[in-house]
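The structure under discussion appears below in the form of structure tokens.
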Amino acid sequence: MRLLWLFLALALLGPWFSEYGLKLASEAFILGLYAMAFNLLFRQTGLLSFGQAAFFGLGAYTMALLVARGGWPFPATLPLAFLISALGALFIGFLSIRLSRIYFTMLTLAFAQLLYAVAHKWYAFTGGDNGITDLRPPGIWGESLFYYYVVLFLFALGVLFLWALERSPFGYALRALRDNRARAEAVGINAFGHLLLAFVISGALSGLAGALQGALQRSVFPDYLFWTRSAECILATILGGSGVFLGPAIGATVFLLLRVVVQANTEYWPFFLGALLLLMVLFFPKGLGGLALEMASRRLKGERRGASGS
Amino acid sequence: MKGWFAPLLLALGLALAQSQQPIKIGALFILSGNFAGYGKSGSQGAQLAAEEINARGGVLGRPIQLIVVDDQGNPDVGVREARRLILQEKVDFLFGIDSSSVSLAVAPLTDEYKIPLVVTHAATPNLTEQCRPYVFRTSNNARMDSWAAAALAATLPVKRWANIGPDYEFGRVSWQDFITRLKQLRPDVEVVSEQWPRFGSTDYASFITALMRARPEAVFSTLWAGDMVIFARQAKQFGFFNQVKYFVNPVGAALEVLVPLGKETPEGLLVSARYWFLYPNTERNKAFVEAYRKRFGEYPSYNAQEAYAGLHMLARAIEKARSTQADAVKRAFEADGGLVYDAPEGRKRMRPEDHQVFEGLVWGYTKHTPDYPFAILERMRIVPATDTIYPTQCKR
């Protein structure tokens, strides 16, 4: 319910943004969706994927190739970007979920880098490091305000889906597997199947985010598949707090704003990001989202106490 | 009387302020990471030009305001920053850009927002072959460099050629352009080896030995920046430069390569850059080098001169157009067979069809002298602009 109010507020905010504000907000939602998708794995299953860029890039390249080479209209490519990244996640997940912990992480990283190499080298198909450009969706889809609503709608849809998933039996099963795999399997939960499905959902949502980002930026380049792109969703999640449901989205927004604001004023933005991350990890391990929740609950308590006192 | 005097003064003041409003130019350069040296030179060159233009009263009576941002050589960051410059800073022009992929990513924005882009470094021939109305390149591109190299290579008394270049579009396309052109000019040449180290490699040993085993008489290379510095050091230890008669590198005379190598640079390499600060020996060039040294305490590298000349050329186009409006500036660049500007390095002429500038190129053999702490060029060979004019698919 509270989520719906939030989305409504964001929708009402649309016309008040400047042209540039709309672009930034759209990018924040996209990065937010991407980080939320990552956190489905990280928080619910305890799997640290360092290859999330593989699906982000798969989605982006699916959209770009269909538009640029196939002449598809942009909206029609979104379901396909979703589907292809899901298929990619099915394949990569099938091979890597058998491994645990660091080996899983390394294998996902390896797959993402493999896809990066393909996109980087296969000039005839992907355009290599020249990328694919001129992806501005025609008509109203290319307008900032309309696109803001498209992205917001898909972001809301994704977030509500993840919210429902967390409260579903499937979500409980995932957390059971995370906390005590042997016991969960003993009660009859199919560990591999559950983890694979979570991996596929996470990949598909990441792919959707990638396709949206490609259209927003009007171009897709191999670095959509590079490992730094995988690191972005992890950083956003740490910044916002993985333990809080909306934490990754909050982290993504702050990450983006920090990048833009600090970079506009100094070229040392990685330094400020590093310092902030260090502070967060050392003093506020629950992230910005956790901090916000704590402050809100403290105020609530204070109000209650005040009310009972009077 | 007081009644109308104040509003009149206000209106007059507003009108004055209007005409004094600066022409805003948003420049994108790489200012952090491995290639920050190139971006620094570029932004300094542009800065010097802006100061000169403002000192003589600006353009159309308006001063030039240069806003320099770091694109990190990353297309996503480039697009985000270009948008910020256009939408927030309200720039009239985009300028600079070191990385080819950043230039290709930013180019579509010129159509979307009708903001012209003047590129002064990124060298992929693709950029101008897209025939965009508001994209201009005032520096030479990789194809022109390769054609110039081929024109010189055709005169060398050798047949067995090999290549070592960075494994990405620039390296691959440069070699293709070079060898195709060379075979047109000299059908008897043969290729004995192609080596493709990863861009940003730090170990070239296996590539150097593979090259030496193939026994080429001459080697073409487009290794640049730190890659060329590291390669030259390692190849020297292998005796590579003693075995190979000619080592040809169209981007090897960049000060960003020669200055870090210092006295380690092997002698007799046939190299070029898009500008060499000791050529031509004209008052114009000497004055530029002097002004640049006075301002920044170093010799101008090619990227500095290209950005300097690019900004002056843009100012000239604005002056000719009598406006900063995109279509008027486009017409000014295209009119009369293309805008001409006499830069420190010589005459630049814009081809109206594809908005690519053509210019003569200076080559030479590296040599150490007591006057400079790094190698300079001797036995200079000038490749005229006519030798680099390749056909274009663009039409206007």
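Below, read A as the first sequence line, B as the second, and so on, with proteins coming before strands; counting in each chain starts at 1.
Residue B:Y113 touches chain A through its side chain alone, counting heavy-atom pairs closer than 4.5 Å. At a 4.5 Å heavy-atom cutoff, the contact between A:L256 and chain B is made by side-chain atoms alone. With a 4.5 Å cut-off on non-hydrogen atoms, A:L216 touches chain B through its backbone and its side chain both. Of the two parts of B:R132, only the side chain, counted from C-beta on, holds a non-hydrogen atom closer than 4.5 Å to a non-hydrogen atom of chain A. Within the 4.5 angstrom heavy-atom criterion, no atom of A:T228 approaches chain B. Both the backbone and the side chain of B:S101 come within contact range of chain A, each with at least one heavy atom under 4.5 Å from a heavy atom of that chain. Heavy atoms of B:E89 lying under 4.5 Å from chain A are absent altogether. Looking at B:N74, only its side chain comes within 4.5 Å of chain A, counting heavy atoms on both sides.
Side-chain contact check for A:D134 and B:Q130: no donor-acceptor pair (N or O, by modelled atom type) lies under 3.5 Å.
Residues B:I86 and A:Y20 have side chains not in contact (no heavy-atom distance under 4.5 Å, counting atoms from C-beta outward).
Between the A:Y224 side chain and the B:D76 main chain, no donor and acceptor come within less than 3.5 Å of each other.
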Problem - From CA spacing to verdict: side chain to side chain contact (heavy atoms under 4.5 Å, CB included), A:V260, B:R84 - result: CA-CA 9 Å; A:V260 171; B:R84 185 172 66 77; 4.1 Å; yes
Handout entry: Stepwise salt bridge (charged side-chain N to carboxylate O under 4.0 Å, His left out) check, B:R80 with A:E27
Key = CA-CA 10 Å; B:R80 196 182 295 133; A:E27 202 173 351; 2.7 Å; yes
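Taking each heavy atom of A:F221 and B:A105 in turn, the nearest pair found is CE1-CB, 3.3 Å.
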